[in-house]
**Q** 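The structure follows.
Values in this document were obtained by computation on a predicted structure and should not be read as measured data.
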2 protein chains.
Amino acid sequence: MAIHKRAEFTDAEQRLAAIAKALGHPARVAIVRLLAQRRACVCGELVLELPLSQSTVSQHLKELKAAGLVQGEVDGPRVCYCLDPAGWAVARQLLGDLLAEVPPAAAEAAAPGCC
Amino acid sequence: MAIHKRAEFTDAEQRLAAIAKALGHPARVAIVRLLAQRRACVCGELVLELPLSQSTVSQHLKELKAAGLVQGEVDGPRVCYCLDPAGWAVARQLLGDLLAEVPPAAAEAAAPGCC
DNA sequence: TTTGTTTATCGTCGATTTACGATTGCAAAC
DNA sequence: GTTTGCAATCGTAAATCGACGATAAACAAA
């Protein structure tokens, strides 16, 4: 034995990891919430709501955009950011799949673990 | 204006970010799935299932443990890892809260975005 | 055209992450 | 008491992240 299975990682695992990574920073979670509540939309507004500089907020937006969770439309001199429904549909799906695989606490109590 | 709102970040935002960060790597997603399916449990088994070295797997387990998603029981010379039901309950809750805040695609189509 | 406003990008810095081999630590078995 | 086997830790190197100020780019208005 000893040699690896070289299983690499599933496509779903990689995508889920990318989404999770995008949400893996409090500022980005906060941005998502602000956009979800429509309390802010334009980059400048987000900067006012967050304890971060403009360039830092812009970078976080870039990462959220790269993960497909956010999209930005140019609106004159400013940019309006919104959540990307398609990306969130994928996120919902993948997170749901994972949570479905993880046995809930009840099942865990019923069936004893392997140890 | 100009000065930040110093809103800092919610406790929930930080916890969610920590959980998301722990899931922000394909190997850790894979580990969680292996543990969930009970296809493996002991560290050595995980190493055989993953294209990573023993020390790397051990580090990933440490991070998952720090995030409260995994717990390890010493069982003689080996260690048996299981998902931590309490941690996953929190994860379920926080992820659910966030997804509840994000309007689903249908609502998005009905109510036009801010731009 | 020029000016002003808004956002993206560049360059930089320190901190963190990811990965590995090598070493150490521990518990059981001999 | 040794030896054996498994897991954690150490040390290290490369890469990435997170943050910022400064600068560039895009566009509207004057």
**Q** So which protein nitrogen or oxygen atoms get under 3.5 Å of nucleotides 3-9 of chain C's nitrogens or oxygens?
**A**
residue : atom : partner : partner atom : Å
C:dT7   : OP1  : A:Cys43 : N            : 3.3
C:dT7   : OP2  : A:Gly44 : N            : 2.9
C:dA8   : OP1  : A:Tyr81 : OH           : 2.2
C:dA8   : OP2  : A:Ser58 : OG           : 3.0
C:dA8   : OP2  : A:Tyr81 : OH           : 3.2
C:dA8   : N7   : A:Gln54 : NE2          : 3.0
C:dA8   : N6   : A:Gln54 : OE1          : 3.1

**Q** Do you know which two heavy atoms are closest between A:Leu83 and B:Pro103, and how far apart they sit?
**A** CD1-CD, 4.4 Å

**Q** Quick check: closest heavy atoms across B:Tyr81 and B:Cys43, and the distance to 0.1 Å?
**A** CE1-CB, 4.2 Å

**Q** Sequence neighbours excluded, which residues qualify as side-chain contact (heavy atoms from CB on, under 4.5 Å) partners of B:Ala67?
**A** B:Ala22, B:Leu69

**Q** Between C1' on D:dA7 and CG on B:Leu50, what's the gap in Å once rounded to a whole number?
**A** 15 Å

**Q** Quick test of your reading: applying salt bridge (Lys or Arg N to Asp or Glu O under 4.0 Å), list the pairs with at least one residue in residues 76-85 of chain A, sequence neighbours left out, ordered by first then second residue.
**A** none

**Q** Using side-chain heavy atoms (C-beta onward) and a distance below 4.5 Å, is A:Val79 in contact with A:Leu61?
**A** no

**Q** Of the residues in residues 20-30 of chain B, which ones touch DNA chain D at a heavy-atom distance under 4.0 Å?
**A** none

**Q** Does B:Gln14 have any side chain to side chain donor-acceptor pair (under 3.5 Å) partners at least two apart in sequence or in another chain, and if so, which?
**A** none

**Q** Suppose the criterion is salt bridge (Lys or Arg N to Asp or Glu O under 4.0 Å): which pairs have a residue in residues 10-30 of chain A, not counting sequence neighbours?
**A** A:Asp11-A:Arg15, A:Glu13-B:Arg33, A:Arg28-A:Glu63

**Q** Mind calculating the distance between NE2 (A:His60) and C1' (D:dG18) to the nearest angstrom?
**A** 6 Å

**Q** Between D:dC27 atom P and A:Asp75 atom CG, what is the distance in whole Å?
**A** 12 Å

**Q** Using the six-membered ring wherever Trp is involved, compare the ring planes of A:Phe9 and B:His25 and label them parallel, tilted or perpendicular (cut-offs 30° and 60°).
**A** perpendicular

